[in-house]
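Atoms within each ligand, like the ligands themselves, are counted from 1 in listed order.
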Amino acid sequence: MTQHLLDLDDLSPAQLTRILDLADDPSRPPHLAGQTVGLYFEKPSLRTRQSCETAVAQLGGHPVTFRSDEIGGHGRESMTDITRVLSGYHAILGARVFDHAVLEEMVACSQIPVVNLLSDRAHPCQSLADLLTMRQEWGSLTGATVAWIGDFNNVARSLALGAAMTGMHVRIASPVGFGPTPGDIDRLILAGADGPPFMSNRPSEAAAGADAVHTDVWSSMGQEDESAARQKAFEGFQVDASVMAVAAEKAVFMHCLPAHRGEEVAAAVVDGPQSRVIVQAHNRLHAFRGLLRFLLEGAD
Ligand code: CP
Ligand code: NVA
């Protein structure tokens, strides 16, 4: 069966650990020699595009990146036809889409692995890098506590799944209406969480004692129209020195980037000594290389 990755719970915990182990391995077997990886983008990207293209090249392959406007969006032909055509060209397909349903449509007809490069619902490649960064920091993830402050969005959902699958504890602070849904919580428990996460409407309660404090923008790509309302709703949810002060003494601050200094995070935190945001960004490369190696293991 073709292994797709729309979110981390498409993997078993053992497969997730295997990807992290491969990501930590500096060797670069030429699994992709003479092959291509198709990378489709409906939204802007710095880290995802560059880390994916670089990882493909490191394994001897060639990335073929294309934006939706270059192929006429979904109006010129259906995503099903696009995917069936691309399945004959590439070894793997990655896609960054507005609507997660587009990825599901791709999976339904693809003969090659489809990897989610960010949708409105999930960002599993980011979570792989986040887990890798925390594992490098502490040596092990099991038993550590991660706090999420702000919108329980695509990045949060995938991170919480990864935490549940690796034996971490999750604490969440979101404004009313922006936290996990009952469906999200059921999914975390199915993925391995030992119960619902701690949830609060106060950042300092969720951050208390945490080993890592994560946040992300208040308005994600595609939510620009909601920006003013979200600015208001997220007042008081900035990760600042007072939030970091209640976390564990050696706590790290994490953010997928891009960051908005003075909104979801204070400049002194994102640019301060506890910040690991650049390590995280660099780990996107190693995580994607590990994922490619995992997907290609046994294929050559
Ligand atoms: N963190 C992340 O996915 O960054 P880009 O949107 O720049 O790819
Ligand atoms: N939540 C953000 C993440 C960007 C990497 C977005 O979807 O825009």
Side-chain angles (χ1 to χ4, degrees), residues 5-8 23 37-56 63 65-68 94-103 115-134 146 148-162 172-175 178-181 184 212-227 229-231 233-234 237-239 253-261 263-265 270 275-292:
L5 183 67
L6 297 201
D7 209 343
L8 288 191
V37 172
L39 299 169
Y40 169 65
F41 286 86
E42 292 181 358
K43 305 180 190 179
S45 171
L46 172 71
R47 283 145 289 271
T48 304
R49 175 176 175 171
Q50 304 240 354
S51 62
C52 293
E53 290 192 355
T54 307
V56 170
T65 300
F66 52 106
R67 293 170 45 108
S68 52
R96 168 169 286 199
V97 299
F98 282 98
D99 183 352
H100 194 83
V102 171
L103 290 167
V115 176
N116 180 1
L117 303 181
L118 182 145
S119 69
D120 55 342
R121 213 184 296 167
H123 197 4
C125 294
Q126 179 67 49
S127 309
L128 291 174
D130 297 347
L131 295 171
L132 185 65
T133 305
M134 292 186 285
V146 57
W148 181 269
I149 311 296
D151 192 15
F152 194 78
N153 62 10
N154 43 11
V155 172
R157 194 171 287 110
S158 296
L159 174 67
L161 279 174
I172 299 166
S174 304
F178 295 94
T181 62
D184 287 325
V213 178
H214 286 246
T215 191
D216 188 12
V217 292
W218 292 339
S219 299
S220 287
M221 292 181 279
Q223 296 174 331
E224 290 78 7
D225 291 352
E226 299 169 33
S227 178
R230 283 174 168 266
Q231 290 274 346
F234 284 88
F237 278 78
Q238 183 182 100
V239 178
F253 170 75
M254 300 182 65
H255 191 308
C256 61
L257 301 181
H260 295 163
R261 288 163 175 77
E263 292 186 20
E264 77 275 5
V265 61
V270 69
S275 178
R276 295 294 180 274
V277 300
I278 301 302
V279 182
Q280 261 178 287
H282 292 168
N283 273 334
R284 291 294 307 273
L285 167 61
H286 307 302
F288 197 69
R289 193 179 60 245
L291 174 62
L292 288 174

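Under a 4.0 angstrom heavy-atom cut-off, Thr48 registers as lying outside contact with ligand 2. Within the 4.0 Å heavy-atom shell around ligand 1 one finds Arg96. Between Arg284 and ligand 1 there is a heavy-atom distance shorter than 4.0 Å.
Inter-residue side-chain proximity for His100 and Asn116 is flagged as met; some heavy-atom pair is nearer than 4.5 Å. Side-chain atoms of Arg276 and Met134, non-hydrogen and from C-beta on, never get closer than 4.5 Å to each other. At a threshold of 4.5 Å between non-hydrogen side-chain atoms, the residues Gln126 and Leu118 do not count as touching. Asn154 is listed as a side-chain neighbour of Asp216, based on a closest heavy-atom distance under 4.5 Å. Taking 4.5 Å as the limit, some side-chain heavy atom of Cys125 sits within range of a side-chain heavy atom of Val115. Looking at heavy atoms from C-beta onward, His214 lies in side-chain contact with Met254 at the 4.5 angstrom threshold.
When only interatomic distances are considered, the shortest N/O to N/O separation between His123 and ligand 2 does not fall below 3.5 Å. Among the atoms of Pro258, none of the N or O lies under 3.5 angstrom from an N or O of ligand 1. Taking only nitrogen or oxygen atoms, main chain and side chain alike, Leu118 does not reach within less than 3.5 Å of ligand 1. Of the polar atoms of Leu257, at least one N or O is found under 3.5 Å from an N or O of ligand 1, judged by distance alone.
A donor atom on one side chain and an acceptor atom on the other are not found under 3.5 Å apart for Arg96 and Ser119. In this structure, a donor-acceptor pair under 3.5 Å is present between the side chains of Glu53 and Thr65. When only modelled atom types and interatomic distance are considered, Glu263 and Gln231 share a side-chain donor-acceptor pair under 3.5 Å.
Judged purely by atom type and a 3.5 angstrom limit, Asn153 uses its side chain to pair as donor or acceptor with the backbone of Ala156.
Ranking the protein heavy atoms by distance from atom 7 (O) of ligand 1 puts Leu46 N, 2.6 Å first. Nearest protein heavy-atom contact of atom 3 (C) of ligand 2 is Asp216 OD2, 3.6 Å. Residue, atom and distance of the protein heavy atom nearest to atom 4 (O) of ligand 1 are Arg47 NE, 2.8 Å. Residue, atom and distance of the protein heavy atom nearest to atom 7 (O) of ligand 2 are Asn154 ND2, 2.8 Å.
Less than 6.0 angstrom separates the ring centroid of Phe234 from the ring centroid of Phe178.
Atoms of ligand 2 found under 4.0 Å from any heavy atom of Met221, numbered from 1 in the order shown, are 6 (C), 7 (O), 8 (O). Close approach to Asn153 involves these atoms of ligand 2, each under 4.0 Å from a residue heavy atom: 1 (N). Heavy-atom proximity to Leu257, at under 4.0 Å, picks out these atoms of ligand 2: 5 (C). Residue-ligand proximity, Leu118 to ligand 2, at heavy-atom distances under 4.0 Å covers atoms 3 (C), 4 (C), 5 (C), 7 (O). Close contacts of ligand 1 with Cys256, meaning ligand atoms under 4.0 Å from a residue heavy atom, involve 1 (N). When each atom of ligand 1 is checked for a heavy atom of His123 under 4.0 Å away, the hits are 2 (C), 3 (O).
Residue contacts with ligand 1 for Lys43 are absent, since no atom lies close enough (heavy atoms, distance under 4.0 Å).
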